[in-house]
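Worksheet: one structure, shown below.
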Amino acid sequence: MFVNNDVRKSEEMLERHVTQPSEAGHPIILSTEDLHVYYGKKEALFEGDLQFASNQITALIGPSGSGKSTFLRSLNRMNDRIATVTGRIMYRGVDINQPAVDVYEMRRRVGMVFQRPNPFAKSIYDNIAFALRLRGVTGKHELDEIVETSLKQAALWDQVKDDLNKSALALSGGQAQRLCIARAIAVKPDILLLDEPASALDPVSTGQLEDTLLELKENYTIIIVTHNMQQAARISEYTAFFNQGRVLEYDTTSQIFTNPQVQVTSDYVSGNFG
Amino acid sequence: MKATQQLEQQLKRRSKAAKLEIWGRVVSFSALLLIVAVVVAIIGFVASKGIATFTSNHVNLWDFLTGKQWNPNITDANGKPEVGALPMIVGSFLITILSALVATPFAIGTAVFMNEISPNKGAKILQPVTELLVGIPSVVYGFIGLSVVVPVTRAIFGGSGFGILSGTCVLFVMILPTVTSMSADALKSVPRYYREASLALGATQWQTIYKVVLRAATPGLMTAVVFGMARAFGEALAVQMVIGNAALMPNSLVSPSSTLTSVLTTGIGNTVMGSLQNNALWSLALVLLLMSLIFNLIIRLIGRKGRLQ
Amino acid sequence: MTSKKQNQLAIGALYGIAGLVVLILLALLGYILVSGMPKLSWHFLTSPAKAFLSGGGVGIQLFNSFYLLILAMLISFPIALGAAIYLYEYAKDNWVTATIRTAIEILSSLPSVVVGLFGFLFFVVKLRLGFSILSGAFALTFFNLPLLTRSIEDSLRTISDVQREGGLALGLSRWETVTRVILPAAVPSILTGVILSAGRVFGEAAALIYTAGQSAPALNFADWNPFNISSPLNPMRPAETLAVHIWKINSEGIMPDAKAISSGSSAVLVLAILLFNFAARYLGKRLYKRLTSA
Amino acid sequence: MSKKRWVQGLVLVVLLVLGVFAYQTRQVSHAGESITAVGSTALQPLVEAAGEQYTGEHLGTFVNVQGGGTGTGLSQIQEGAVQIGNSDLFAAEQKGIRSTELVDHRVAVVGITPIVNKKVGVKNLSTKQLIGVFTGKITNWQQVGGANLPVVLINRAQGSGTRATFEQFGLNKSRSKTAQEQDSSGMVRSIVATTPGAISYVAFSYVDKTVQELDLNHVAPTEVNVTTNKWRIWSYEHLYTKGQPTGLTKNFITYVQSPAVQKTLVRQLGYLSPDQMQVERNAQGHVKQLGGTK
């Protein structure tokens, strides 16, 4: 098999430490098996097998180009048109990486929020209600309720409740990103994937966003890619460290940050690398 | 286990979105198919008529492309009809290139002005004015050319005033709005953060425009120019009125000459379908198609190179 | 030369170019309007044309132009929209797509008289539609499709991909994303394309001479039954448009006031396009606001 | 949403009902016979005006008159796609036409005169001089006693009836040298009017005060001179039918040839009526005196 030439096959690099989350009360909801992602002929991800515990926050960290975003985007098949993804993605016992699975139905259970806030050019209300309407939720009362709960869950309600009919494009970066979260959770997914959601935000907004995520964890399983190691340490239960297209270390967040098993991880979290 | 099966069933059921997706693909693809059918029909139509000159009227292709005499009504000393299209090919070629050469800097300059320097004035004055001008019938352009451009050319350069120069002036004004508004669209699609990044690096506005914005927009600008050239190619009525429309090799920019379209338009109503005279005109249309194909390919190549750099 | 000097110089040059272009264009418009103004009157705008006597108007031609434009747009816009969506959102970036794009661009360089003759042989003669608004609308569709497809595709391109991903991530199909999210956001830019191509349709003569015809039978503006031959709405009647009228009186007109009518008609045409642009822009703004609550 | 649907449905039903109602109440009288005449743009105004008069007098008929050029008219009548082909030429003179299948109906005579720009300062030429001008032997108006201006030739398009007639009878079958070509009389007139030294030829009806007409061998281009063939540059205007005309076609052609049209419209439009002619000419150009004056 063609392997990325950039991979340095030194002894040090082959060292891996991947565990399984095994806390009682948090069963495995999503896992990947034998996952490989290719962009054309270039293999962008291999040895990327992980298991995710429900109602927990898992952080994916690692240097740029390490494959963590690729991995995340593969989980709800956002890479379908861009890359070739082989292997199994087991969601509650069902392989969602098989062609027979309806991606649109699947994505309603595995939602995603992106790096750059991308509110639609619609009103705040419509941003949230619009996908629901397309799926047959038409009752005004019902919609109002969902919009309100979603915005409350995303900690945005108090700021926008009087401006629901104004354009979402007028929101500030942090507000827009929380609107995107509200939009994602309005369709009631199981799992929420976040791709560096705070990278475009200022520290205050980032703090608010983190608080939101901690609250959301009650109802959702959250997987978050982040560049910010403090953020990973602050909010996540588990952390996976990606490097050069594979997972080098996966353990509880406290283990990764206090007692990493792999030298590269240790270098990375201590800031000597990356 | 039962929950898993149920979930699998739910996930594998074709959702409304999937059905809509197929529907959307089918609908949009049929629209494209329709356009392709239209294109194929017209090109096939022109080709079949244009090739008849060579197949059923037995005109030598080489004579057609290099002959300088265009008198389909008359046969020459060898008993062959005089259908030499070279004067028209050269005329079309010259007038298209020249008008594109003149119009491109003006159009891109104006587009840059509208988009980068003074978006406010651009949107308020330039955009409506350019859009307005696209709709003016070519016959009106032709008449203004005849009553303004031709006398001015005559006064400055002598001769009759009819010729490629006058044609270029008229075409320049005609294609300017199209090229400008398409260039403006191309510039608009360059993401804002490109400019911000460049300005943040300490580049001046001009450096940003020249090195970042124009580079990034090259393919779009190329398209705009191609469209302008396409319009220049296809334009008949206005050009016909100021170029002189004489099937002579242009020996200067102010001597009467002709283009493929002007000869085609002038003659097509006066010939009988299926006759040599008529087929010869369709051959001109075919040449026109092929030339525009070649132009397209060249521009595409340039565009690709620009993108790679 | 310092880069700052260079900058000033370049910006100055751009101001110059833009100013020159505005000057040329305004001079052109002014010329048309000024030479046509004396002819403009309510009578000129509403009365039918006369074949060889002076005092004819352009009422029917004006109506025909708008009617033909609307019909042609109704036919060509959905097709162009669909094709552009497929080309930009679905088609793979391979040689087939590139070939189709090239072919469409070539179509737009065909002289309109060729499109007109094709329309004549196909719609008028073969399909037996006769010289009619419908034949004219189809011919204009042929003419319009390349420009419209291209400009809609460009409009789609201006909407960032993160919007598409946003829609997909919500479990929407690509089609729903495009029609519900991307298109509403692209309305202003699509509108520019529509106005541009409408302008070309307005000014088109050669393609219509052989299809919609160059005679304007009298219309009964009290009769709006589309099945009656004298009804303005009948799509099967021959209909000379304003641009064709200008062409006709310039080429074969023998009425004593041909020149005045020609200038007057040109001015009317410019004003009509102006009106159309404003109306389209106003409606577009309203539509955009409604769709995006901007 | 559901309310919207309801409204949409209602609108659709109303439109449908209106459509059916409109169809039911359409004016049956206008669904009667209709014929189409295409071809020569020079003849179009006459046929159009005659058609309007005819349909005004005979309800339930419709005469659709379009241009397109003599070539188009003859090809379409030969194909049988239309009922009447308007032509400036004898079908036998046009290449590619099987003239034996077509029936000629002469409806008018048109005189053609050379015109020059007013600055030329020439009012008369001999035939030899005229040939010299058009074949390029005479290149400056000084050579024929005019101003010091270079000759600028403007021809009609190859295959045009006016040019064929002019070359045959004005230039005694000499061929003009390759020069500027225009495809319509109006265009030719305005170019001659604005270009110093320009010479061309148009039908009498297009001569106006912007250009100078020329005498030939001191014979003035007048209608009287045409009727006696003293002015030789004239031709017939023809309506061609495929086989003998029947029904509306026959009635309409008879109407155009009747004094009602010949004495009024034909003369108003600047043509001569064949009834006025004291000579007759055939497709080969042979002239025969008609017995006595009518």
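Side-chain atoms are counted along with the backbone in the values below, which use heavy atoms only and exclude waters and symmetry mates. In what follows, chains carry the letters A, B, and so on, assigned in the order in which the sequence lines appear, proteins first and then strands, with residues in each chain numbered from 1.
Look at D:Arg189 and D:Asp208 and you find a salt bridge, because one of the NZ, NE, NH1 or NH2 atoms lies within 4.0 Å of a carboxylate O, short of that distance.
Per-residue heavy-atom pair counts under 4.5 Å with chain B were compared for D:Thr70, D:Thr194, D:Thr178, and the maximum is reached by D:Thr178. Contacts with chain D were tallied for B:Met273, B:Arg154, B:Gln240; B:Arg154 has the most, counting heavy-atom pairs under 4.5 Å. Heavy-atom pairs under 4.5 Å with chain B were tallied for D:Ile97, D:Thr41, D:Leu153; the largest tally goes to D:Ile97. Chain B forms the most heavy-atom pairs under 4.5 Å with one residue out of D:Gly197, D:Gly161, D:Pro196, and that residue is D:Pro196. For the set D:Met187, D:Gln78, D:Gln158, the count of heavy-atom pairs under 4.5 angstrom toward chain B peaks at D:Gln158. Chain B forms more heavy-atom pairs under 4.5 Å with one residue of D:Ala198, D:Gly96, D:Ser87, D:Ala179 than with any other, namely D:Ala179. Taking chain D as the reference chain and counting heavy-atom pairs below 4.5 Å, the highest number among B:Gly142, B:Ser160, B:Pro72, B:Gly244 is found for B:Gly244.
Neither the backbone nor the side chain of B:Pro151 comes within contact range of chain D; no heavy atom of the residue lies under 4.5 Å from a heavy atom of that chain. Residue B:Asn71 touches chain D through both its backbone and its side chain, counting heavy-atom pairs closer than 4.5 Å. For B:Gln277, the part lying near chain D is the side chain, with the backbone staying farther off; criterion is any non-hydrogen pair under 4.5 Å. Only the side chain of D:Arg175 comes within contact range of chain B, judged by heavy atoms closer than 4.5 Å. For D:Gln76, the part lying under 4.5 angstrom from a heavy atom of chain B is the side chain only. Contact annotation for D:Glu181: both backbone and side-chain heavy atoms come within less than 4.5 Å of a heavy atom of chain B.
No donor-acceptor pair closer than 3.5 Å links the side chain of D:Thr249 to the backbone N or O of D:Pro245.
With hydrogens and angles left out, the side-chain atoms of B:Asn278 and B:Thr271 include a donor and acceptor closer than 3.5 Å. There is no side-chain donor-acceptor pair under 3.5 Å between B:Asn270 and D:Asp183. A donor-acceptor pair shorter than 3.5 Å cannot be found between the side chains of D:Asn155 and D:Ser200. Between B:Ser262 and B:Thr259, the side chains place a donor N or O and an acceptor N or O closer than 3.5 Å (distance only, hydrogens not considered).
The side-chain contact (heavy atoms from CB on, under 4.5 Å) with B:Val242 is formed by just one residue from the set B:Ile144, B:Val148, B:Ile164, B:Val170; it is B:Val170.
Aromatic ring centres of D:Phe90 and D:His238: separated by under 6.0 Å.
Geometric assessment of D:Arg106 against the ring of D:Tyr236 yields a positive cation-pi assignment under the 6.0 Å and 45° thresholds.
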